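As the structure is a prediction and not an experimental result, all values here were calculated from the model. Side chains included, hydrogens not; waters and symmetry mates left out as well; all remaining heavy atoms used. Every number for a ligand or one of its atoms is a count from 1 in the order of the listing.
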Amino acid sequence: MSIKHFMITLDGPAGAGKSTVARNLAKRLSISYLDTGAMYRALTLKALRLKIKLDDEKALTGLARKTVIDFKEMPDGSLHVTLDGEDVAEAIRSIEVTNHTFHAARTAAVRAMMVNAQRAIARHRSFVTDGRDQGTVVFPKADYKFYIDADLRERVHRRHRELKEAGEAVDAAQLKKDMQERDHKDFSRVVGPLKKAEDAIVIDSTGLNVQQTVDKVMTYIKT
Ligand code: DC
């Protein structure tokens, strides 16, 4: 199946399954997947490496201005995020980066740059994008908007399993605390907060596996 200039946005809280669902959905529809969280993570990785104070909005914005964040296509068709040309797809998944990315996400000038970059990347191709502000701010005219949600308990459980599989030992109680904190930061930031677009379709993935969630999303998509 191939569709021209088709935009699908998936927004929702951390651990709701957005990225896995987005990747699978893109595959089924033969279109690309844009992981917008990877961009905020990549900038955070650079700031951590350079020991730039993340709560210094001016310094972070200056760093963003001289940083090139892009995506390169892998042989299997997936996109890997690049930081000044370096493939950092794996490095951006560390707990350290995860727990520090809220600084970049709440900095207005950084968000403006990311939003512009996301629109430019998606200009000439069909995409499934996932993030927090995709249906509300970045692509308000998307063909389909979804808000993917799941119970906190299940989101913590999924993240715990993911991290365990990646070889990172984390305490589930600590993970729950971190996730609640991230939820709070995502919902309460002034620019680009996590919010369901008025016309978004809510998909509750609690108790559903990836396939079942993708199937549910697909029931709304008319090709
Ligand atoms: O989806 P994720 O966990 O990779 O997102 C990483 C961080 O970036 C998280 O703190 C939320 C933020 N983010 C954002 O503010 N806007 C987006 N479009 C995507 C992610």
Side-chain angles (χ1 to χ4, degrees), residues 7-23 25-26 33-48 54-55 57 60-61 64 67 69 71 78-81 83 88-122 127-140 142 145-150 152 155-156 158-160 162-163 166 168 170 175 177-197 200 205:
M7 285 304 304
I8 300 173
T9 61
L10 302 186
D11 290 303
K18 292 184 307 294
S19 59
T20 326
V21 169
R23 198 171 295 114
L25 192 62
Y33 160 51
L34 179 64
D35 173 3
T36 63
M39 301 172 78
Y40 292 93
R41 286 171 177 267
L43 179 66
T44 303
L45 174 67
K46 184 167 177 178
L48 287 169
L54 280 147
D55 56 1
E57 295 207 352
L60 200 56
T61 303
T67 299
I69 294 169
F71 290 86
S78 66
L79 296 179
H80 273 197
V81 69
L83 174 63
V88 290
E90 223 172 279
I92 58 162
R93 299 289 153 203
S94 72
I95 293 177
E96 198 193 8
V97 171
T98 301
N99 285 345
H100 286 92
T101 302
F102 73 93
H103 292 287
R106 74 174 179 195
T107 304
V110 169
R111 286 206 83 86
M113 281 183 253
M114 298 295 185
V115 167
N116 282 339
Q118 288 156 20
R119 287 184 183 144
I121 292 167
F127 270 98
V128 176
T129 72
D130 93 64
R132 307 294 188 281
D133 56 350
Q134 298 300 289
T136 50
V137 176
V138 190
F139 302 109
K145 300 178 187 179
F146 294 95
Y147 186 90
I148 313 282
D149 211 348
L152 176 67
R155 292 193 285 125
V156 171
R158 286 179 192 163
R159 222 358 100 80
H160 191 243
E162 258 171 38
L163 289 168
E168 294 219 40
V170 272
L175 196 62
K177 236 177 106 201
D178 290 350
M179 203 170 258
Q180 280 173 311
E181 225 168 89
R182 285 182 73 200
D183 279 356
H184 175 69
K185 284 172 179 145
D186 271 341
F187 284 117
S188 65
R189 82 177 146 253
V190 179
V191 279
L194 171 57
K195 206 168 82 181
K196 183 187 100 58
S205 71

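Arg182 is linked by a side chain to side chain donor-acceptor pair (under 3.5 Å) to nothing, counting only residues two or more places apart in sequence or in another chain. With sequence neighbours excluded, the residues forming a side chain to side chain contact (heavy atoms under 4.5 Å, CB included) with Lys46 are Leu50, Leu63, Thr67, Leu83, Asp84, listed by chain and number. Residues that satisfy the side chain to side chain donor-acceptor pair (under 3.5 Å) test with Asp149, not counting sequence neighbours, are absent from this structure.
Under 4.0 Å from any atom of ligand 1, one finds heavy atoms of residues Thr36, Gly37, Tyr40, Arg41, Arg93, Thr101, Ala105, Arg111, Gly131, Arg132, Asp133, Gln134, Arg182, Asp186, Arg189.
The shortest non-hydrogen separation linking Ile69 to Met39 is CD1-O, 3.5 Å.
For the pair Lys196 and Tyr147, the cation-pi test (distance below 6.0 Å, angle within 45°) is failed.
Atom NZ of Lys195 has 12 or fewer neighbouring heavy atoms from other residues, nucleotides or ligands inside a 6.0 Å radius.
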